[in-house]
Participant: 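Starting off with a structure, shown below.
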Amino acid sequence: MSEPSTEADRPVVLRGGTVLTMDDAGTVLPDTDVLVVDDRIAAVGTALDVPAGTREIDARGGIVMPGMIDTHRHMWQTAMRGYGADWTLTQYFVWYYLEHGKKFRPQDIAAGNRLAAIESLDAGVTTTVDWSHNLHTVEHGEAALDALRSVPGRFVLAYGNIQAGPWEWTADPAVRSFLERLRDERDDMMGVQIAFDVTGDPAFPEKAAFEVARELGLPVTTHAGVWGATSDTGIQQMYDGGFMTPETTYVHASTLTRDSYQRIAATGGSISVATESECSAGQGHAPTEQVLQYGIPVSLSMDTSVWWSGDMFSAMRATLNADRMSEHLTAHLEGETITHLRLRAQQVLEWTTRGGARTIGRDDLGTLQPGKKADVVLVKNDASPVSFPLLNPLGHVVFQAQRGDVHTVIVDGRVVKHDGKLVGIDLAPVRREIEDTIEYLKAEIGEEAWRAGMFPQMPEAEAEILDNPYQYSDFKDESKRAGGEERVLGR
Ligand SMILES: [Zn+2]
């Protein structure tokens with residue numbers, strides 16, 4: 001899909017940008033160059049001398065930052081982008097797990113994955129964990145893998161199958177040998193995890209799947225603390241089995257007790273906060289307060305484009321907004337006022353860069369420092385009135401910038417987007433592949449059910465719209481004027 005060229009092999013220097021290194025000290029460097037040679041960051045500094053033939057990219061007026069990392073995205077679902085905009089989690093479960101999801105063929109998984117992978121690059125997301133939990137067969141797995149490999153980004157294939165119990169599919173010799181192959185072929189560009197949830201069944205059938213993961217030496221990623229689906233019981237079972245490791249990712253972890261957060265903190269795993277998802281689906285509130293309180297490593301994720309956006313600008317914005325809303329609301333209920341916010345732009349930027357790197361066990365990613373892998377994003381859009389003044393670069397990325405402002409993206413030293421356009425990627429065949437999938441799914445599901453899935457019924461109205469006493473007509477009636485001077489506050 002994208003031909004390597006001599007252009008791709010040249011060193012690249014981004015000149016004169018505001019560089020967010022995301023190093024331990026959170027260093028921000030104005031008017032600074034970043035030099036990329038081969039797959040590494042060779043130097044960060046002012047007026048750098050560069051090798052002959054280095055490609056120059058003008059970063060003046062822009063922000064240079066590490067590539068963003070999404071630690072949980074169901075990429076196959078991008079094939080039905082935006083379909084579930086008005087869903088709850090319950091509707092998602094029904095339509096995806098019981099209806100549409102079942103129909104997905106290997107080529108449909110590939111179509112969704114390829115589009116999502118390209119979307120990641122376009123939005124400056126250089127590494128994406130594909131939480132691929134609709135792999136009914138190994139052929140589906142092969143299709144998912146091939147699609148990811150056809151796009152020049154970094155990915156982690158988190159293998160899963162919602163159509164069977166994890167103790168069943170991990171015991172399948174074909175799945176096992178596929179996982180072994182993935183593990184043995186694992187490289188800088190493609191990692192592997194095992195993806196399944198722990199339901200809290202007292203018999204803990206998932207134990208067998210954890211044992212397979214342990215035997216294969218593969219990390220587990222699991223939706224934990226999801227209201228109505230996974231709970232503290234699962235965390236206790238994992239803990240008692242010795243399955244909570246520093247490599248484990250707990251997705252959402254929204255509705256857990258103090259005890260569970262402490263178990264996660266003590267065993268060193270990471271929480272993947274998917275705030276845009278949690279705000280709307282009903283897993284529970286994004287656990288940003290808890291991760292700060294218990295010192296749990298955090299990364300951010302987008303979950304699925306069947307509902308939400310697939311870019312980390314939205315993730316960072318949603319996360320700050322949700323945490324601040326909760327902080328204010330909690331105070332207001334006590335009659336108090338928050339005067340200093342606890343969660344800052346810098347933290348959510350850390351979570352979406354070095355936090356993501358920590359979650360997937362990649363200390364060579366997530367910061368802009370010499371020797372690190374060259375995954376670099378230039379946020380710059382001279383045509384946009386939002387591009388200046390650039391006073392607070394951290395706040396600018398989080399609240400002012402958006403995916404359309406992603407000017408240049410470098411993955412593993414290779415320029416995959418430049419001047420706002422993807423390099424060497426033709427969307428026409430990708431669009432056709434998606435159209436084929438949509439046509440097939442619609443035919444399988446039927447027009448009526450297709451529409452019903454997209455536009456769920458409104459809830460039964462429990463009450464009429466409340467009577468409103470503030471009608472001007474009331475003032476024609478002398479008897480209704482009493483008490484009119486009472487002031488009614490919002491609550
Ligand atoms: Zn998810």
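These numbers come from a predicted model, not from an experiment. All ligand and atom numbering here is 1-based and tracks the order in the structure.
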Participant: Taking the Zn ion (ligand 1) as the reference point, name the nearest N/O/S atom of D303.
Facilitator: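 Going through the N, O and S atoms of D303 one by one, OD1 ends up nearest to the Zn ion (ligand 1).
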
Participant: Got an N, O or S from H252 under 2.8 Å of the Zn ion (ligand 1)?
Facilitator: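 It does not; every qualifying atom lies at 2.8 Å or beyond.
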
Participant: Answer yes or no: is there a side-chain heavy-atom contact under 4.5 Å between M68 and M316?
Facilitator: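 In short, these two side chains touch, coming nearer than 4.5 Å.
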
Participant: Salt-bridged, R176 to E215, with N to O below 4.0 Å?
Facilitator: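 Here R176 pairs with E215 in a salt bridge, since their nearest N and O are under 4.0 Å apart.
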
Participant: Per the side-chain hydrogen bond (donor to acceptor under 3.5 Å, both in side chains) rule, what does the pair list look like for residues 155-173, sequence neighbours excluded?
Facilitator: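 As it turns out, the side-chain hydrogen bond (donor to acceptor under 3.5 Å, both in side chains) pairs with a partner in residues 155-173, which skip direct neighbours, are N134-Q163.
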
Participant: Any idea which heavy atoms bring T319 and V348 closest together, and the distance?
Facilitator: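 Residues T319 and V348, closest heavy atoms: CG2-CG1, 3.9 Å.
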
Participant: Determine which of the N, O or S atoms in H72 is closest to the Zn ion (ligand 1) and give its atom name.
Facilitator: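 This residue's closest N, O or S atom turns out to be NE2.
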
